[in-house]
Every structure is written in C-alpha cells, then in structure tokens.
J.: 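Starting off with a structure, shown below.
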Amino acid sequence: MKPTLSIRNLHVAVGGTPILRGVDLTIRYGETHALMGPNGSGKSTLGLAVMGHPNYEVSEGTIDLDGQNILEMTPDERARVGLFYAFQRPVAIPGVKMADFLRHATTNVRNPQRQEGEELIPMRVFREELRTKMEQLKMDAQFARRYVNDGFSGGEMKRAEILQLAMLQPKFAILDETDSGLDADAVRLASQSIAEIGREKMGLLIITHHDKLLEHNPPDFTHVMLGGRIVESGSAELAEELHRYGYERIRRAYPEADAQNRVMAHEEVA
Amino acid sequence: MATDIQNEKSRHTIGEINKYDFRTQTEAVFKARKGLDAEIVHQISDMKNEPDWMRQFRLQALEIFFSKPMPRWGGRIGIDFQDIYYYLKPTDHQGRTWDDVPQEIKDTFDRLGIPEAEKKFLAGVKAQFESEVVYGSLKEELGNQGVIFTDTDTAVREHSDLVRQYFSTVIPPHDNKFAALNSAVWSGGSFIYVPPGVAIEFPLQAYFRINAENMGQFERTLIICDEGSSIHYVEGCTAPMYSTESLHSAVVEIICKRGSRCRYTTIQNWANNIYNLVTKRAMAYADATMEWVDGNLGSQLTMKYPAVYMMEPGARGEILSIAFAGAGQHQDAGAKLVHCAPNTTGQIISKSISKNGGRSSYRGLVRVEKGAHGAKCKVVCDALLLDERSRSDTYPYIEVAEQDVTIGHEASVSRIGEEQMFYLTSRGLTESEASTMIVNGFIEPLVKELPMEYAVEMNRLIQLQMEGSVG
Ligand SMILES: Nc1ncnc2c1ncn2[C@@H]1O[C@H](COP(=O)(O)OP(=O)(O)OP(=O)(O)O)[C@@H](O)[C@H]1O
Ligand SMILES: [Mg+2]
C-alpha cells in the first residue's frame with residue numbers, strides 16, 4: 001500500500017478559539033491535492049496543525065502517517081518522518097546562513113536516527129547537491145550565504161521554501177500559497193520546479209488562490225474549505241470553476257459554514 | 001559558516017564537555033602565604049629581582065588600594081582579600097620550547113590545544129600558568145624586525161627604559177581599586193613592542209590559566225604599536241571549577257601611535273566562581289585604529305569595559321563585545337569611548353545573551369570632549385533573553401561637550417521567538433539545535449570578525465553554554 005497521510009475529524013483551536021471544526025482529508029503518496037477556500041477559512045491553520053505548531057491545539061480528531069499517530073510528535077520528529085510545510089509567511093532567522101541551516105536540516109531529515117552532535121552530511125557532498133538544486137531553481141549561488149529569510153523579498157522567500165522542499169524530499173508536503181508574491185516568470189518557474197520535485201515523488205497538498213501552480217500541477221483532487229471545514233471535494237474541474245466564478249456558489253450552498261467563516265474573518269454577516 | 005563549524009565540532013565536545021574543568025597536580029616552586037600586605041609585595045618584588053622603581057611603584061599602589069572603597073556600582077563583589085594567594089610561581093624558568101616546560105604544565109596547555117594552535121597559525125605565543133609566564137615563543141623573522149614579545153617581568157628587566165616610559169601611563173594605580181590592586185601585586189602578562197611600519201600578519205596569542213584554588217591572577221599587559229605598525233593580539237583565559245572563589249584582575253594598557261592599528265581579541269571562559277575584574281584601556285593617536293573584540297563567557301561576575309581614548313584627529317576606536325550569562329552569572333560588560341580630538345570615530349557593538357537566570361548588563365560611556373568637533377560615534381546593544389528568569393539591563397552614558405558631533409544609540413532586547421523556533425524545528429532541527437542556531441545567528445555579526453580558529457572556539461563555547469554543561 002502507498003504511504004498515506006490521513007486526517008480525521010480534525011478540530012483545532014488557537015488561543016481557545018475554534019478554527020478547524022472537523023476536517024477529513026486523505027492524501028496518498030504520488031497524489032496532488034488542491035486546497036482552496038476564501039481568506040480566513042482555515043487553510044494555513046490546517047498546515048500548521050499538521051506540522052505541530054505549539055499554538056495550534058488539536059482538541060479532537062487524528063492525524064496518521066502510514067497508520068502512525070503523529071499528534072504526539074514534536075515538529076522536528078514530524079519533519080523526520082517525512083512531513084513538510086512550506087510557510088505562507090516564512091520566518092527570518094538573522095545571522096544564520098541558508099547553507100548552514102539547510103545542511104543541518106537535510107542531515108536530520110535524511111538520517112532520522114541522528115543524535116544531536118553527530119556528524120553532518122560531508123560539506124563537499126552537501127555543497128555540490130545544493131549548488132545543483134539552486135541552479136535548477138535559477139537561484140544565484142550567493143543566496144546560500146544569505147541569512148535565512150532575512151531581508152528576502154516576497155519572491156525570494158517563496159523560492160527559498162521551494163529550495164528547502166527540493167533538499168528535504170519529504171513524503172508529504174503542504175505548500176501554502178507558495179505561488180504568491182512571485183512575478184509571472186517566477187510563478188512559471190516555481191510551478192515547473194514543484195512539478196519536477198513533487199510529481200509522483202511525494203503527496204502534495206497545494207494551497208493556492210491562483211491557477212498557474214495548478215496548471216503545471218494538475219490536481220487529482222480539489223477541496224474547498226469554508227468556515228474551518230472541507231465542504232466540498234472534487235476533481236481539477238472544481239478548481240477551475242472556483243478560479244473562474246469565485247466562491248459565491250459554495251457560500252450559498254453551505255450557509256452555516258459561510259456564516260462561520262465570516263465570523264472568523266471578522267466580516268459583516270451578509 | 002559559523003554554525004557549520006559548531007556542528008562539526010559538537011560531536012567532540014560532547015565527549016569532553018568539561019574541556020576546561022580539569023585540575024593539574026603541580027608543585028609550585030614558590031607560593032607566597034595567603035593575604036595582602038607590604039611584606040607580600042616585597043616578596044613578589046624580591047622574587048622578580050626588579051629594579052627599585054618598580055618596587056616603589058608597587059608599594060605606593062598598595063597604599064592606594066587600601067585607601068579606595070569598593071566600587072558601589074556594577075555587580076556584587078564578595079571577595080575576602082586576605083583569603084587569596086597573590087603570588088604562585090609554578091616553575092623557576094620559562095620554556096623556549098614546549099619540551100622545556102614542566103610536564104604537568106605542558107599537559108595542561110596540550111589539553112587546551114595551545115601548542116597545536118601555535119604550529120598552525122600563530123606568530124607567537126605566551127602561556128601563563130598561575131602568576132608566571134611558563135612558555136614563550138616568537139617567530140624568528142619578527143624578532144629580526146625588532147618586534148618584542150615577552151612577558152612583562154622580563155621586559156622590566158631587559159627593556160627597562162621602554163617599559164618605564166609607558167608603564168601605567170594609560171591606567172595609573174589610582175584609576176580604580178582593582179587597577180591599584182593589580183599595580184601592587186602584578187605578575188606576568190605580555191609586553192609587546194612593534195617598531196614603526198612593521199605589520200604582523202598572524203596573531204600573537206597569550207593564554208592565561210588559573211589552576212590553583214583561592215588564587216589571584218594579576219597579569220599586566222602593555223602593548224606599544226609604533227607609527228604605522230599593525231598587530232592582532234589574542235588572549236584566552238580559563239580556570240577549573242573549585243568550591244571557593246578565585247580572582248582574575250588584569251590591567252591592559254595599549255598605545256597606538258600615529259597611523260598604527262591594533263586589534264585585541266579576548267575569549268575568556270572562566271569557571272563560574274571566578275571574579276573577573278579587568279581594566280583595559282588604549283590610547284589611539286592620529287589616524288590610528290584600536291579595536292577591542294571581547295568575548296565574555298563564564299565567571300561569577302565579570303566587570304570589564306574596554307576603553308579607547310581617541311587622542312588626536314582621525315583616531316578610531318571600535319569595541320565589539322559578546323557576553324553570555326548563564327545560571328548564577330553576572331556579566332557587567334561594556335565599553336568606553338572618549339573623543340578627545342576632532343574627527344575621531346567610534347563604534348560600540350555589544351551583544352549579550354542571558355540564560356537560566358543569568359544576568360547581563362551593558363554599561364557604556366561615550367564622551368565627547370570640548371574641541372572634538374566632527375566626532376562620530378555609534379552604539380548598538382542587543383540583548384537576547386532565552387527564558388523568563390534571565391535578565392538584561394542597559395546603562396548607556398553619553399556626555400557631549402561639543403556641538404558638531406554625530407552620535408547614534410540603538411538598543412534592543414529580544415527573546416528567542418516562538419515562530420523562529422517553530423520554523424527551524426519544522427525543518428527537522430531539535431529544540432536545542434534550533435535555539436543554539438538562533439543564538440549563534442545572534443552573535444554572528446561579531447563572530448565573523450574573528451579569525452576562523454577563534455570563530456570555531458567561540459561557537460563551541462556558546463554551544464557548551466547552551467547545553468548548560470559548563471560549571
Ligand atoms: N495564531 C493565530 N492567532 C489568532 N488567530 C489566528 C491564528 N491563526 C489563525 N487564526 C485565525 O484563524 C482563522 C483562519 O486563519 P488561516 O490563516 O488558517 O486562514 P487561511 O484560510 O489560510 O486564510 P488566507 O487565505 O488569508 O491565508 C482566521 O480567522 C485567523 O484570524
Ligand atoms: Mg493562509
């Protein structure tokens with residue numbers, strides 16, 4: 001059987017406020033899923049909860065990877081069993097060079113049994129691999145010497161996330177608006193790269209508001225989140241419909257979730 | 001680069017967590033009795049066979065020491081001055097090669113990696129054990145160029161005129177109580193003279209080791225950079241852990257003549273019961289540059305404020321300091337820049353890290369004297385707190401007696417961010433790897449100023465502190 005990430009009846013609260021209210025989602029290795037939904041519907045919350053952000057409390061439900069419960073795992077353990085979340089808003093770590101950080105992260109993820117203080121991937125081997133991957137992503141070699149996300153432009157941050165995806169080669173990756181902030185050429189390049197890195201080599205959950213990324217990575221399934229729940233799932237056509245016509249139909253079809261979403265996003269209830 | 005090194009090294013450090021915390025069984029050839037009075041001072045002077053001017057200087061300084069009250073600011077100093085050994089002579093001759101050094105003492109420095117470093121990248125080495133310099137070397141070509149690098153005791157005997165001309169001109173005994181104490185009982189330290197125009201490419205290093213319990217180490221360093229010369233001097237300091245306190249109270253005086261350049265780097269990693277009360281000051285003349293790079297780890301209390309007096313136009317003073325305060329430690333560190341002449345430029349960058357209830361204070365003075373127009377000075381101090389129990393304070397003093405000057409001051413206090421920790425751990429780093437990485441990133445702007453070998457050492461020391469295994 002293919003490795004599977006399965007999320008069952010997931011309830012997540014932040015600071016006591018419920019955000020996700022029973023999310024069900026199953027992703028198999030090799031599949032691409034699109035996750036869409038209006039602002040504030042809970043898409044990023046899902047990604048952060050899967051990765052184990054300490055402020056996102058799981059009050060109910062399960063997340064399993066190949067039948068193994070990951071809810072008890074720390075974020076680094078989750079990374080080491082093959083989960084990856086590309087941040088919608090990556091965090092700057094001043095003074096820490098991309099290359100040093102990546103070498104450490106890559107070593108840990110490839111060698112999940114590694115104890116603190118044990119040898120890292122040999123410098124030469126690592127450098128060579130990093131250089132190759134950066135070339136493929138058309139990133140300047142200089143980039144590796146910059147401090148992690150520190151003073152990066154929006155586009156640079158997203159490309160750095162893709163580089164990490166390429167280096168860490170997870171089993172399952174959640175890409176949270178990895179196409180936002182990129183110019184037209186960069187979106188195309190990013191989409192192609194993700195397709196190369198990801199297709200059939202991992203399970204992908206792509207969170208996006210645009211269609212370019214999905215053009216290059218046609219989803220096997222599309223899910224729509226509203227008010228902290230996945231209200232509808234379908235094929236790639238569903239994504240196309242939403243891109244073309246927006247969320248009106250969905251909002252009308254699921255008034256309760258819509259109301260919920262408006263409360264969460266602090267919008268006036270229509 | 002910094003973190004790479006730290007990680008590669010860390011495997012070794014785990015096996016030798018207490019690299020610095022070992023004691024050597026040695027037989028001193030002479031140990032003065034405990035306590036401080038004129039008789040002890042005479043004894044030290046006798047042992048050293050000094051000229052009379054130095055004996056008189058010491059005795060006067062002792063009077064000044066007794067007459068001065070303890071400083072009422074800074075940290076709590078709980079020293080019983082009568083319960084300390086002021087002079088301990090470990091061997092009766094100084095080695096010219098490591099083989100000349102008594103075996104136990106050589107073993108100590110072997111374990112600290114000094115002979116190895118010497119072979120690899122140093123232009124000269126002094127190793128001080130307790131009160132005396134036990135080993136000294138200098139690359140032959142530097143000697144031929146007229147460079148003097150010797151212990152200060154030898155300098156007093158062999159270069160008496162030169163020493164007498166400059167000794168205590170930068171820091172006189174009445175400067176402060178601990179300068180007076182050092183002046184009375186000083187022993188060891190480095191004396192360096194760099195002739196005009198001589199640039200020393202590789203660092204000269206001194207290593208100070210306190211080994212005995214209840215010991216006071218009072219080295220005295222004097223560096224004279226003649227016109228247009230340049231030098232990088234590095235000192236390392238360590239001591240093992242005892243149940244009672246020891247005292248390290250050095251005086252460092254530097255004279256940078258016209259157009260010269262001196263960088264003085266300290267990496268100290270004292271045991272947690274050392275009082276480290278040091279006076280360091282440099283005079284920079286026309287277009288000369290003085291840089292202090294100061295890494296303070298360990299000790300119970302450190303009070304240290306390296307100073308640069310910019311005496312003539314175009315002089316520059318730069319002070320970079322890193323302090324790490326762990327459990328039970330107080331790092332009261334800072335800097336002092338005095339602009340005495342027009343168009344002088346100063347910069348202070350201070351970074352402190354407090355952990356497990358440790359306390360770090362930045363205490364800095366920038367003074368612009370009348371007539372020092374066009375002076376520029378920039379002060380940046382950043383503190384990083386690793387937990388709720390730790391503490392950081394800033395005491396910036398700025399005194400300006402001139403109109404046309406530019407002075408900038410920025411201070412920040414931050415905590416290790418939850419979002420930073422999550423970002424790093426979500427990419428496979430453990431919590432402690434992530435926080436070490438964030439701390440190393442925090443001090444990176446300073447560490448990158450260090451030569452490679454010291455950057456390695458600095459990151460290693462930070463990692464030891466992060467593991468909480470020192471002391
Ligand atoms: N750390 C947090 N603190 C407070 N509220 C939060 C936090 N994280 C999420 N929320 C709230 O949860 C709701 C869902 O946010 P989330 O970021 O998951 O939405 P999203 O679907 O990713 O939206 P977008 O498309 O704008 O990125 C929002 O109302 C948001 O304000
Ligand atoms: Mg989002």
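Chain letters run A, B, ... following the sequence lines, proteins first and then strands; every chain starts at 1.
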J.: Counting only heavy atoms from other residues, nucleotides and ligands, does the tally under 6.0 Å from CZ of A:Arg110 exceed 12?
T.: yes

J.: Do you know which of A:Thr74, A:Val91, A:Leu83 has the most heavy-atom pairs under 4.5 Å to chain B?
T.: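 Option with the greatest count: A:Val91.
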
J.: Non-hydrogen atoms of chain B under 4.5 Å away: do they reach the side chain of A:Leu48, the backbone, both or neither?
T.: both

J.: Is it the case that the side chains of A:His53 and B:Glu419 hold a donor-acceptor pair, with the cut-off being a distance below 3.5 Å and no angle test?
T.: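 Yes - a donor-acceptor pair under 3.5 Å links their side chains.
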
J.: Side chains of B:Ser426 and A:Phe84: closer than 4.5 Å at any heavy-atom pair?
T.: no

J.: For A:Tyr56 and B:Phe422: C-alpha separation, side-chain torsions, deciding distance, then whether ring pair (Phe, Tyr, Trp, His ring centres under 6.0 Å) applies.
T.: CA-CA 12 Å; A:Tyr56 291 72; B:Phe422 178 64; 8.0 Å; no

J.: Given that the side chain runs from C-beta out, which part of A:Pro112 has a heavy atom under 4.5 Å from chain B: side chain, backbone, both or neither?
T.: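 Looking at A:Pro112, nothing touches chain B.
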
J.: Answer whether the closest heavy-atom distance between the side chains of A:Val109 and B:Arg427 falls below 4.5 Å.
T.: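 No; the side chains remain at least 4.5 Å from each other.
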
J.: Looking at A:Lys97 and B:Glu444, is any side-chain nitrogen of the basic one under 4.0 Å from a carboxylate oxygen of the acidic one?
T.: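 Yes, this pair counts.
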
J.: Between A:Met51, A:Gln115, A:Arg78, who has the most heavy-atom pairs with chain B when the cutoff is under 4.5 Å?
T.: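 Option with the greatest count: A:Met51.
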
J.: Measuring from B:Thr430:OG1 to A:His104:NE2, what's the distance to the nearest 0.5 Å?
T.: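 B:Thr430 atom OG1 to A:His104 atom NE2 measures 6.5 Å (nearest 0.5 Å).
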
J.: Looking only at heavy atoms, which two atoms of A:Ala79 and B:Gly428 are closest? And how far apart?
T.: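 Minimum heavy-atom separation between A:Ala79 and B:Gly428: CB-N, 3.4 Å.
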
J.: Does atom NZ (A:Lys138) have a neighbourhood of more than 12 heavy atoms from anything else shown, all under 6.0 Å?
T.: no

J.: When rounded to the nearest 0.5 angstrom, what distance separates CG in B:Asn440 from CD1 in A:Ile93?
T.: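 It is 13.0 Å, given to the nearest 0.5 Å.
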
J.: Is it the case that atom CD in B:Glu431 sees more than 12 heavy atoms from other parts of the structure closer than 6.0 Å?
T.: no

J.: Taking side chain as everything from C-beta outward and backbone as N, CA, C, O, which of these in A:Asn55 sits under 4.5 Å from a heavy atom of chain B? Side chain, backbone, both or neither.
T.: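 For A:Asn55, the side chain is the part near chain B, not the backbone.
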
J.: For the rings on B:Tyr423 and A:Tyr85, is their centre-to-centre separation under 6.0 Å?
T.: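 Ring-ring flag for B:Tyr423/A:Tyr85: false, centres at least 6.0 Å apart.
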
J.: Within the 3.5 Å criterion, strictly below it, is a donor on B:Ser432 or A:Glu116 matched to an acceptor on the partner's side chain?
T.: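 Yes, side-chain donor-acceptor contact under 3.5 Å.
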
